[in-house]
Amino acid sequence: MKVALGSDHVGFEMKKVVRAHLEAKGYECVDYGSNSPDRCDYPVYGERVGRAVAGGECELGVLICGTGIGISLAANRVPGIRAAVCSEPYSAQMTRQHNNANIIAFGARVVGEGTALSIVDAFFGAEFEGGRHAERVALLEAIERN
Ligand code: RB5
């Protein structure tokens, strides 16, 4: 599976750790920046990853900024994106199973590396359950269309 990674300067170091972790598990990662710890703007990277996932270049995405919030807000402005900010693994698993989230986001100033990797494992280890949840995701998509 191809995974899109993105961060701002705050998430830059954690993105490297996440990439190594995912690659060790056999995922192919595409890094959409940022590419240095120099100050930059999270909307740029949230949008890039959002477009990569919505456009089908990558199946799922991981976004990291200080809180995970700003960068997920940017991604969620791309039609077709369901980016969820999670600070613990249970929510990461559930957002994949129930919301069919296609991007997981978290904050490098909120969670440590161990928790970040548990969040990633929970998200990538889960699958969308469909059924009644698909109907609800369809309602979300209707909001987007209207
Ligand atoms: C950068 O200082 C910070 O605002 C950013 O990383 C993020 O937390 C925004 O939501």
Side-chain angles (χ1 to χ4, degrees), residues 1-128 133 136-146:
M1 182 196 293
K2 235 169 154 179
V3 178
L5 303 180
S7 73
D8 69 355
H9 53 294
V10 183
F12 172 68
E13 290 298 333
M14 190 172 269
K15 177 163 52 98
K16 291 196 251 178
V17 174
V18 168
R19 180 179 190 154
H21 184 73
L22 284 172
E23 286 181 341
K25 290 182 172 250
Y27 293 94
E28 186 185 342
C29 294
V30 185
D31 190 342
Y32 290 85
S34 69
N35 299 313
S36 85
D38 298 341
R39 187 170 300 171
C40 62
D41 301 319
Y42 58 80
V44 172
Y45 306 99
E47 181 185 5
R48 280 187 194 170
V49 167
R51 294 207 185 280
V53 172
E57 240 168 87
C58 293
E59 204 171 309
L60 295 173
V62 180
L63 286 172
I64 313 167
C65 65
T67 58
I69 296 171
I71 203 159
S72 66
L73 290 175
N76 275 320
R77 277 163 171 69
V78 177
I81 290 304
R82 291 173 300 279
V85 186
C86 295
S87 300
E88 35 69 36
Y90 176 73
S91 300
Q93 178 189 331
M94 294 312 287
T95 199
R96 189 86 198 89
Q97 290 180 192
H98 286 194
N99 314 127
N100 200 13
N102 46 18
I103 294 180
I104 185 77
F106 43 86
R109 288 176 174 155
V110 178
V111 298
E113 275 180 21
T115 303
L117 297 183
S118 300
I119 289 168
V120 166
D121 286 344
F123 185 73
F124 284 90
E127 288 198 5
F128 182 48
H133 304 297
R136 292 163 184 162
V137 172
L139 290 171
L140 290 177
E141 286 166 349
I143 297 171
E144 196 170 78
R145 277 196 306 278
N146 299 328

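Remember, it's 1-based here, ligands and their atoms both numbered in the order they're listed.
- For the pair R48 and Y32, the cation-pi test (distance below 6.0 Å, angle within 45°) is failed.
- Less than 4.0 angstrom separates some heavy atom of D8 from each of these atoms of ligand 1: 5 (C), 6 (O).
- Open room surrounds CD on E113; 12 or fewer heavy atoms of other groups in view lie less than 6.0 Å from it.
- Atom 10 (O) of ligand 1 has its closest protein heavy atom at G70 N, 2.9 Å.
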Intermediate values then yes/no, side-chain hydrogen bond (donor to acceptor under 3.5 Å, both in side chains), Y42 and E47
CA-CA 9 Å; Y42 58 80; E47 181 185 5; over 6 Å; no

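- If you look at V10 next to ligand 1, the close heavy atoms, those under 4.0 Å, all belong to the side chain.
- Contact annotation: the side chain of I119 approaches that of I104 to within less than 4.5 Å [non-hydrogen atoms, C-beta and beyond].
- Residue R109 places a heavy atom less than 4.0 Å from ligand 1.
- The residues D121 and K25 are annotated as salt-bridged, a charged nitrogen and a carboxylate oxygen being separated by less than 4.0 angstrom.
- Here is the list of ligand 1 atoms found below 4.0 Å of a heavy atom in Y42: 5 (C), 9 (C).
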